[in-house]
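Have a look at the structure below, then the notes.
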Amino acid sequence: MEFAELIKTPRVDGVVLRRPFLPTVEGTLCLTGHHLILSSRQDNTEELWLLHANIDAIEKRFVGSLGTIIVKCKDLRVIQLDIPGMEECLNIASSIEVLSTLDSVSLMYPLFYRPMFQVIEDGWKSFLPEDAFKDLESMTEEWRLSDVNKDYSVCSSYPPLVAVPKDVDDDTLRKAAAFRHGGRFPVLSYYHKKNGMVMMRSGQPLTGTNGRRCKEDEKLINATLRAGKRGYIIDTRTVSVAQQAKARGGGFESEANYPQWRRIHKAIERSSILQESLIKLVEACNDQSHSMDRWLSKLEASNWQTHVKEILTTACLAAQCIDREGASVLVHGTEGTDSTLQVTSLAQIILDPACRTIQGFQALVEREWLQAGHPFQQRCSQSAYSNSKPRCEAPVFLLFLDCVWQILRQFPCSFQFSQHFLVLLFEHTYASQFGTFMGNSASERSKLNLSQKTVSLWSWVNRPQEVERLSNPLYEANCLVIWPSVAPQSLLLWEGVFLRWKRSSRCLDEAYDEMVHIIQYNKELQNKVNNLRRQLAQLETEEPLLQTP
Amino acid sequence: MEHILTPKVEEVKLLDRYTAKKPAIGTLYLTATHLIFVETSCHIRKETWMLHHLIATVEKLPLTAMGCPLHISCKNFHVAHFVISSERDCQNVHQSLVRLSQPGKVEELYAFLYNPKQDEDERRNGWGFIDSAMDFKRMGLPNEFWEMTDLNKNYELCSTYHSELGIPKTASKGTVFGSAKFRSRGRIPTLSYYHKESNAAICRCSQPLSGLSARCVEDEEMLQAISRANPKSTFMYVVDTRPKLNAMANRAAGKGYENEDNYSNICFQFVGIENIHVMRNSLQKLLEVCAMKSPTMSDYLTGLENSGWLRHIKAVMDAGVFLAKAVAEDKASVLVHCSDGWDRTAQVCSLASILLDPFYRTIKGLMVLIEKEWISMGHKFTQRCGHVDGDPKEVSPVFTQFIECLWNLMEQYPCGFEYNEKYLLEIHNHVYSCQFGNFIGNCQREREEMRLYERTFSVWPFLWENRHQYRNPLHKCSLGREVLRPSTLPLNFKFWCGMYNHFDKGMQPKQSILDHLLTITQKKAEGEKKMTDLQILAVMDGVLADQGSPTGTPPEQTSLSPVSVSHTAENAKPLMNGAAVEEAEIELVPTAGSEKMEPVAIEN
């Protein structure tokens with residue numbers, strides 16, 4: 001199929017573009033295979049380059065022969081195009097509709113994108129599991145890297161290499177995998193250097209209604225406990241949801257079969273509910289009504305903040321078990337690809353200062369989300385405006401980013417990156433020129449040969465100018481565990497994403513620039529003072545030498 | 001002191017209100033002015049001080065296994081739950097605090113005891129530090145259209161107004177006195193803010209005694225005179241800040257609002273801010289939300305909505321924005337009133353002034369504004385803050401709401417204000433603490449009768465001295481004369497955790513950007529001084545030549561370069577936001593906050 005067949009009208013003149021808080025632009029609209037472009041063809045006015053993949057929904061309106069297309073984007077922006085001529089408008093609209101909903105992976109933009117920047121370090125090779133394991137090996141000898149999944153046959157959503165207890169052989173792993181949802185047997189997620197405690201994650205055990213058990217599974221997780229120590233199993237579902245799962249072959253670890261483990265149930269919602277919540281939240285934010293009661297009740301009814309609180313609370317619990325109780329933890333929900341990853345990755349942000357650096361956060365996303373098999377493509381194919389019925393879409397990763405932002409807001413000096421980085425990741429999970437978030441698992445990405453055919457987002461992010469843009473000027477390395485407050489008063493709506501297009505950011509941007517300026521100025525001043533001081537000191541030591549030839 | 005039945009109780013527990021953490025154990029002291037809890041269970045000496053006058057309620061709960069609970073909540077939203085082992089001790093502490101927190105007469109307030117060791121001259125200068133009359137000069141008064149009059153010098157015209165009032169030049173004495181008879185409590189239309197750029201003015205007054213049909217020629221003339229003082233505009237707004245229903249109900253009682261038919265060229269408008277009783281109940285509900293023990297997000301948001309608090313804050317802000325827009329964009333004068341014109345009117349006029357005039361966004365400017373629109377125009381601080389034992393129905397968080405609106409503005413304009421959040425909290429604290437005399441009394445006349453200026457001290461010089469703490473490091477003067485046009489969409493209003501949960505440190509961000517930047521500003525001042533010193537030394541040593549020799553110049557020369565080699569030390573001061581000279585003078589000596597002020601202690 002050629003893109004040209006889908007583009008009935010490739011060019012329209014005299015189109016007016018209206019965007020929130022920007023001057024309107026009149027110019028020529030062009031459709032290409034992957035972009036909607038509007039250019040005034042004047043040097044100093046900004047052009048619009050919009051990826052079709054970023055378009056979530058469109059609306060058409062007509063007044064006489066003037067057509068209007070409202071374009072609603074996955075990054076939550078809403079723009080308006082006034083197009084003269086009814087036929088042109090209809091053609092453009094139908095082309096956009098088709099181009100923005102293409103299902104075929106082979107037509108996706110990252111496969112066509114050629115970088116306009118020099119790749120210094122190939123992001124596809126930046127975070128290899130082998131390298132991550134080297135760090136672990138330097139701390140402990142109790143773990144090994146298994147290639148039991150090298151051809152993705154044991155677990156289709158796991159990477160080829162996973163870290164498991166040294167004493168457990170691959171055969172045991174295979175048997176344990178058969179007992180876990182999606183073959184997701186317990187693997188190492190995080191090793192807490194301070195006390196040697198670990199966090200593992202998995203899918204639910206397939207106990208079913210008749211309480212099936214699996215000796216190998218028990219052996220596998222018990223192998224992570226020190227003699228006489230108890231561990232915690234954090235089930236991200238409520239007891240009743242976990243009970244219901246039994247009827248579908250799932251379930252949870254019973255006390256009888258896992259006597260060394262204490263199970264705690266939390267209440268993180270399933271993905272379909274999260275998607276509904278996002279839609280309601282965005283609807284509330286777009287409501288132009290001036291009624292305070294209406295806003296607060298819509299915000300409450302969306303339940304978004306409830307999810308943020310629940311996820312953060314669960315992550316704190318996991319971190320507490322490890323750091324305060326000195327116990328190892330196993331985290332799972334149902335599949336182990338959504339709420340599980342929210343909890344394990346946030347717990348690491350809390351516990352491990354390395355995850356709060358720009359590189360470390362990328363490594364975390366790579367390890368705990370991409371390699372761990374979060375189905376990005378399914379979850380992010382629609383956003384809050386889409387009119388089609390959600391299938392597997394859910395803002396699981398967005399909620400994770402929101403929680404990170406909440407911690408960042410409470411510890412504004414402890415992160416090497418600013419919220420810009422989080423917003424950037426949000427944007428690229430939904431629409432991107434990079435291949436990083438394509439596919440649903442390591443195996444899918446490998447089949448598509450993405451590391452050869454596309455550019456990695458990390459290649460872009462790790463260039464010095466981008467690193468600087470994403471850096472937090474307030475950052476001062478903080479090696480402590482950071483405990484966020486989860487009181488409702490302490491959790492705010494993430495304005496940087498949800499109110500971004502609702503109000504002008506001029507004043508906030510200005511404040512940010514001013515802050516950067518103050519910090520930068522002070523740094524340079526201190527440098528100069530030190531330099532001058534050093535020169536003076538040098539002079540004083542040199543002088544006597546000069547005088548005694 | 002005769003009211004202190006038990007000056008010291010040992011083995012008292014201070015509970016953590018939100019978590020199940022172990023309570024702190026310590027000793028509770030009652031002094032003449034403060035309740036002090038000294039923790040003995042931890043290694044570092046930790047003290048909690050509560051000024052008696054700040055205590056809003058003190059409640060003794062039924063005896064439990066742990067002991068006898070005593071719940072104290074303060075007007076600055078500090079809440080403490082103590083448990084005292086002996087019921088009799090608890091009873092004594094309770095009884096003492098009830099008496100101490102509710103002085104029978106004004107003279108018992110802290111301000112009359114407080115002595116910062118200043119002599120009479122300093123005291124007098126302190127009271128002269130802020131002069132609201134000067135502010136009218138700053139606005140350009142007297143001018144062609146407006147003048148200051150002393151018609152109220154003996155408070156005969158209006159007992160609750162200041163003695164000096166700004167009125168239109170064309171209003172005769174007869175008009176003024178006639179109008180006073182037609183306005184509730186004689187609170188005539190008088191100038192609040194004059195906008196030089198447009199000639200439009202904001203005036204304030206109380207409701208007219210129009211009843212169902214009464215009219216008053218002098219009052220109509222008075223409004224005419226205000227309207228004429230802005231010759232370029234063909235009309236003026238009359239804004240009644242009350243909900244229409246309330247205003248109509250007042251008509252039956254012989255009061256009410258202006259009939260558009262009787263006044264020429266007025267555009268009449270209701271803006272619907274609720275009365276003091278609604279606001280008091282709303283705050284009560286808000287505080288209940290804040291006090292909830294581990295609420296769900298849903299409990300919290302529903303509670304927030306049901307309290308109506310943010311709705312009221314938005315209503316006040318909307319009214320302020322309406323006024324500012326009328327003046328700056330329509331270039332029309334506005335007359336504002338509510339019922340008596342000392343609550344909602346004060347809120348709305350002072351907010352509009354801040355939106356219109358960057359002077360009020362400075363540290364000193366806010367002092368002037370509070371002095372002018374609140375203190376001298378008769379906001380009844382003693383009654384609204386419940387300083388002394390009195391009618392609880394007169395208490396209302398009117399001033400708190402104003403401060404909160406200001407905070408919301410600062411959130412939208414982080415570079416627009418010279419002051420920071422701490423300044424607002426400190427002012428709010430002093431309004432209730434009565435450590436200084438400024439906020440005692442209900443009007444100017446009362447203050448004179450109490451001889452406050454001889455018996456107490458003014459808070460303004462005290463705040464001014466500590467101004468380095470209250471500075472907003474992000475403030476940019478470059479915003480110039482810009483009129484602020486904040487968005488008042490509901491999503492812009494946030495719950496003010498820094499105010500209502502100020503004492504619950506666990507809920508605040510654990511690292512403060514403000515503190516961080518304040519430290520940097522301080523370091524910057526030190527660095528600049530050091531740089532100057534080193535340069536003098538360098539020139540003397542010959543490392544730096546007097547004239548542009550590159551020897552020994554610091555390697556990087558950026559545009560930010562704080563010093564240029566060819567300059568002498570005197571003019572080498574860097575310019576940053578044009579405020580460099582002031583920055584360098586920042587005092588680095590930390591001064592104790594009000595809570596830590598020496599109590600006029602009596603020994604146990």
Side-chain angles (χ1 to χ4, degrees), chain A residues 284-285 287-297 299-300 303 305-306 308-310 409-414 474 478 482-485 487-493 498-499 502-504 507-508 510-511 514-515 517-522 524-529 531-533 535-536 539-540, chain B residues 18 290 295-302 304-305 308 310-311 314 318 412-416 473-474 476 487-495 497 501 506-513 516-517 520-521 523-524 527-528 530-531 534-535 537-538 541 543 552 554-556 558 560-563 576:
Chain A
C285 294
D287 190 333
Q288 292 294 304
S289 139
H290 264 274
S291 158
M292 180 63 77
D293 291 3
R294 190 176 154 127
W295 157 246
L296 288 173
S297 83
L299 178 64
E300 190 273 322
N303 269 329
Q305 294 296 94
T306 301
V308 169
K309 181 170 153 62
E310 204 56 52
R409 198 191 72 84
Q410 296 186 27
F411 294 89
C413 306
S414 297
L474 296 164
N478 171 4
I482 53 177
W483 299 108
S485 160
Q489 289 97 314
S490 310
L491 302 175
L492 305 187
L493 180 66
F498 299 109
L499 306 185
K502 298 296 136 223
R503 54 186 199 188
S504 162
C507 294
L508 300 179
E510 193 179 49
E514 184 64 20
M515 182 176 83
H517 178 72
I518 291 173
I519 294 168
Q520 194 60 32
Y521 176 92
N522 184 59
E524 285 173 19
L525 178 71
Q526 303 301 338
N527 280 344
K528 285 194 179 125
V529 169
N531 270 332
L532 197 55
R533 192 181 281 156
Q535 282 176 359
L536 283 169
L539 197 72
E540 270 168 33
Chain B
Y18 296 101
C290 295
T296 65
M297 186 56 84
S298 196
D299 292 339
Y300 164 72
L301 288 172
T302 310
L304 195 59
E305 182 197 337
L310 290 180
R311 172 159 40 93
K314 176 172 151 51
D318 273 326
Q412 278 197 46
Y413 295 95
C415 298
L474 300 176
K476 281 174 103 163
S487 161
T488 61
L489 276 176
L491 48 79
N492 286 299
F493 293 86
K494 285 180 280 192
F495 169 74
C497 190
N501 288 109
M507 286 187 193
Q508 314 287 333
K510 307 298 185 303
Q511 295 168 331
S512 148
I513 297 180
H516 193 91
L517 291 178
I520 287 184
T521 326
K523 271 196 200 146
K524 183 180 130 213
E528 277 161 0
K530 176 117 317 138
M531 192 70 193
L534 283 174
Q535 277 197 318
L537 219 72
D541 279 2
V543 179
E556 76 277 33
T558 66
L560 288 173
S561 171
V563 272
M576 203 169 157

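Just so you know, these numbers use all the heavy atoms, side chains as well, and skip hydrogens, waters and symmetry mates. Residue numbers begin at 1 in each chain, while the letters A, B, ... track the order of the sequences.
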Is [X] in contact with chain B via its backbone, its side chain, both, or neither, using a 4.5 Å heavy-atom distance?
X	result
A:Gln526	side chain
A:Arg533	both
A:Asn478	side chain

Minimum-distance pair of heavy atoms, taken over all atoms of [X] and [Y]:
X	Y	result
A:Val529	B:Gly527	CG2-O, 3.6 Å
A:Tyr521	B:Glu528	OH-OE2, 2.8 Å
B:Cys415	A:Ala511	SG-CA, 3.3 Å
A:Ser289	B:Leu489	O-CD2, 4.1 Å
B:Leu474	A:Ile518	CD2-CD1, 4.1 Å
B:Ala538	A:Leu532	CB-CD1, 4.3 Å

In terms of heavy-atom pairs under 4.5 Å, which option from [options] contacts chain B the most?
options	value
A:Leu296, A:Val308, A:Asp287	A:Leu296
A:Ala487, A:Ser297, A:Ser504	A:Ser297
A:Leu493, A:Thr306, A:Leu492, A:Leu491	A:Thr306
A:Ser485, A:Cys285, A:Ala284	A:Ser485
A:Pro412, A:Ser490, A:Pro484	A:Pro412

- Part of B:Leu517 within contact of chain A (heavy atom distance under 4.5 Å):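 For B:Leu517, side-chain heavy atoms alone lie under 4.5 Å from chain A.
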
- chain A contact via B:Asn492 - which portion, at a heavy-atom distance below 4.5 Å: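 Answer is both: backbone and side chain atoms of B:Asn492 are under 4.5 Å from chain A.
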
- In sequence, state the C-alpha distance, the side-chain angles, and the governing distance for A:Glu300 and B:Glu305, and then conclude on side chain to side chain contact (heavy atoms under 4.5 Å, CB included). CA-CA 9 Å; A:Glu300 190 273 322; B:Glu305 182 197 337; 5.5 Å; no

Would you check if [X] and [Y] make a side-chain contact, meaning some heavy-atom pair closer than 4.5 Å?
X	Y	result
A:Leu474	B:Gln511	no
B:Lys523	A:Asn522	yes
A:Glu310	B:Met297	no

- Message: Looking at chain A, which one of B:Ser487, B:Cys497, B:Ser298, B:Ser512 has the largest number of heavy-atom pairs inside 4.5 Å, strictly under?
- Response: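 Ranked by contacts with chain A, first place is B:Ser298.
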
Taking atom [atom1] of [X] and atom [atom2] of [Y], what is their separation to the nearest 0.5 Å?
X	Y	atom1	atom2	answer
B:Leu534	A:Gln535	CG	CD	10.5 Å
B:Met507	A:Gln489	CE	CD	4.0 Å
B:Ile513	A:Arg409	CD1	CZ	9.0 Å

- Message: Check this for me: B:Lys510, atom NZ, are more than 12 non-hydrogen atoms of other residues, nucleotides or ligands nearer than 6.0 Å?
- Response: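 Enclosed.
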
